[in-house]
2 protein chains.
Amino acid sequence: METTSHRGDHHRSAEHRRRELLEAAERVVLRDGPGASMNAIAAEAGITKPILYRHFGDKDGLYRALAVRHTDALLDGLRAALDAPADRRRRVEATLDTYLAAIEARPQVYRFLMHPSEETRGDEQGFDVGRQSAPVLRRMGEELAQVIAERLDLGPGGEEQARVWGHGIVGMMHAAGDWWLRERPCSRAQLVAHLAELLWGRLAVVHDRVGAPGF
Amino acid sequence: METTSHRGDHHRSAEHRRRELLEAAERVVLRDGPGASMNAIAAEAGITKPILYRHFGDKDGLYRALAVRHTDALLDGLRAALDAPADRRRRVEATLDTYLAAIEARPQVYRFLMHPSEETRGDEQGFDVGRQSAPVLRRMGEELAQVIAERLDLGPGGEEQARVWGHGIVGMMHAAGDWWLRERPCSRAQLVAHLAELLWGRLAVVHDRVGAPGF
DNA sequence: CCTGCCTGTTACTTGCGGTAACATCAGTGT
DNA sequence: ACACTGATGTTACCGCAAGTAACAGGCAGG
């Protein structure tokens, strides 16, 4: 193997460089928000733009590469919470709390993940529907759907229902978390409790107010 | 009243012009997607950029003005569904279906509403959290929260819970609708049924699959 | 020595948001 | 009649960001 020496070195240094660039990009994005320019990122890394383009193709490529790490980390945490040894309600609460703790701890990362690239050209006027939802949300929805379909006996059509629930629950978590993080109206534990109550069907059984139009 | 004649005419023609510009902008946005340029909008309206800026301040202003009409229309529809004469389950289903029918009928409008402006400068590095969620979602969440708080007897702390539920349900509806519109895995009625089942707490009572780790 | 190949540069093009400066025409006060 | 005001419209420009040549040096291996 004469190749191992230099080609291995080349590859390793290339990947090493790539990691360095990603870390520089992360620093800039965390400092300047998701609108950070390629020039700023290149400057932070001590180099110039074309190198970034050689490594990542375009801005979207860089942002996607950046997002993968955080997305994976977040999903790992959620899977762990979903697999904790406890009853179903506790698992749901733990999963909600894990997500909320993550976005609370690093709101800049969260903001970046939910908003990676805006408008990937390739539209072509034929309505393709708003796919503005961040890929991380789609992945979370799909993974949750899979867990639900695997573990719950939903009967015929259960897989479809599991997917609806997966995306629905993730959307609920995301929207509530976004609002909570902005307004901070209560503690994280209270938010988790309220959401779990909602998922546990309290909306269906709570009584109407007296003297109000029914709901 | 010497003012009524000319000032009234001036105001009316100004507002008329504004409506014309908004309609041209809408045509372009529906044709080119939310990334449409001010130049393109001005050209569609038969004028040039500075006029748009005089009328709407900046791009965000134009987009906000555009969004208001659709947002109002959508919210009116949702309020009507929420006020329909039927039991609670039917009302929830009607509300979900109204929202989904709206985004199904005009996906381009939907996409535009959920994605108005990207990154309104004014960040200031101090974490302000991802407020990328479209204003329309916030408004929907707040309005639903108000309806819930008004009509349901949630006991102490009920208002807080109502707000959590409002934003959570809206997020669920949005995420599920977005996914459904992209993949079209089932009929609208089925999607509504699945979501209503989720809100009715079936997640809490459905049985584990035999031989699988519990959930 | 010359040929690739990687890394890096400077300098450019294109396109966008936004603005300044100027031109035009309608009605108003004196 | 005449200057003034104010809205409508223009051309031409600035600044900035994404993305792209085209060129310059280090370091293999024939």
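Here is the naming used below: chain letters follow the sequence lines, and residue numbers restart at 1 for every chain.
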(message) Whether the A:Glu20 and A:His16 side chains hold a donor-acceptor pair (N or O, under 3.5 Å, no angle test) is what I'd like checked.
(response)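 Distance-only check passes for A:Glu20 and A:His16.
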(message) Regarding B:Gln161 and A:Arg202, do their side chains bring together a donor and an acceptor under 3.5 Å, going by distance alone?
(response) yes
Using 4.0 Å as the upper bound for N to carboxylate O, is an ion pair formed by [Y] and [X]?
| X | Y | value |
| --- | --- | --- |
| B:Arg139 | B:Glu142 | no |
| A:Arg89 | A:Glu93 | yes |
| B:Arg64 | B:Asp60 | yes |

(message) Any base atoms under 4.0 Å from B:Ile51, or only sugar-phosphate, or nothing? Heavy atoms, all strands.
(response)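 Base contact.
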Roughly, in whole Å, what's the span from [atom1] in [X] to [atom2] in [N]?
| X | N | atom1 | atom2 | answer |
| --- | --- | --- | --- | --- |
| A:Asp32 | D:dC16 | CG | C1' | 15 Å |
| A:Glu15 | C:dT7 | CD | P | 12 Å |
| A:Ile47 | C:dT10 | CD1 | P | 12 Å |
| A:Ile41 | D:dA17 | CD1 | P | 11 Å |
| B:Arg18 | D:dA7 | CZ | P | 15 Å |
| A:Leu52 | D:dT20 | CG | P | 13 Å |

(message) Using only atom types and a distance under 3.5 Å, with no angle test, would you say the side chain of A:Arg91 pairs donor to acceptor with the backbone of A:Ala86?
(response)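 Yes; judged by distance alone, with no hydrogens or angles, the pair exists.
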(message) For the helix from C:dC1-D:dG30 to C:dT30-D:dA1, what angle separates the axis at the start from the axis at the finish, each from five pairs, in steps of 10°?
(response)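 Rounded value for the end-axis angle: 30°.
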(message) Is it true that, when you exclude B:Arg90 itself, more than 12 heavy atoms of the residues, nucleotides or ligands shown sit nearer than 6.0 Å to its CZ?
(response)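 No, the 6.0 Å shell around CZ holds no more than 12 heavy atoms from other groups.
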(request) Any chance you could list the contact pattern along nucleotides 11-23 of chain C? Use B for base contacts, S for sugar-phosphate-only contacts and - for none, protein heavy atoms under 4.0 Å, 5' to 3'. (result) -----SBBBB---
(request) Answer yes if the ring centres of B:Phe112 and B:Tyr63 are under 6.0 angstrom apart, and no otherwise. (result)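 Ring centroids of B:Phe112 and B:Tyr63 are less than 6.0 Å from each other.
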(request) Check whether any side-chain N or O of A:Thr48 sits under 4.0 Å from OP1 or OP2 of C:dT9, and answer yes or no. (result)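 Checking A:Thr48 against C:dT9: at least one side-chain N or O falls below 4.0 Å of OP1 or OP2.
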(request) Tell me whether the OP1 or OP2 atom of D:dG9 has a side-chain N or O from B:Arg17 closer than 4.0 Å. (result) yes
(request) Return the orientation label for the A:Tyr110 and A:Tyr99 ring planes: parallel under 30°, perpendicular over 60°, tilted otherwise. (result)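 Plane angle over 60°, so perpendicular.
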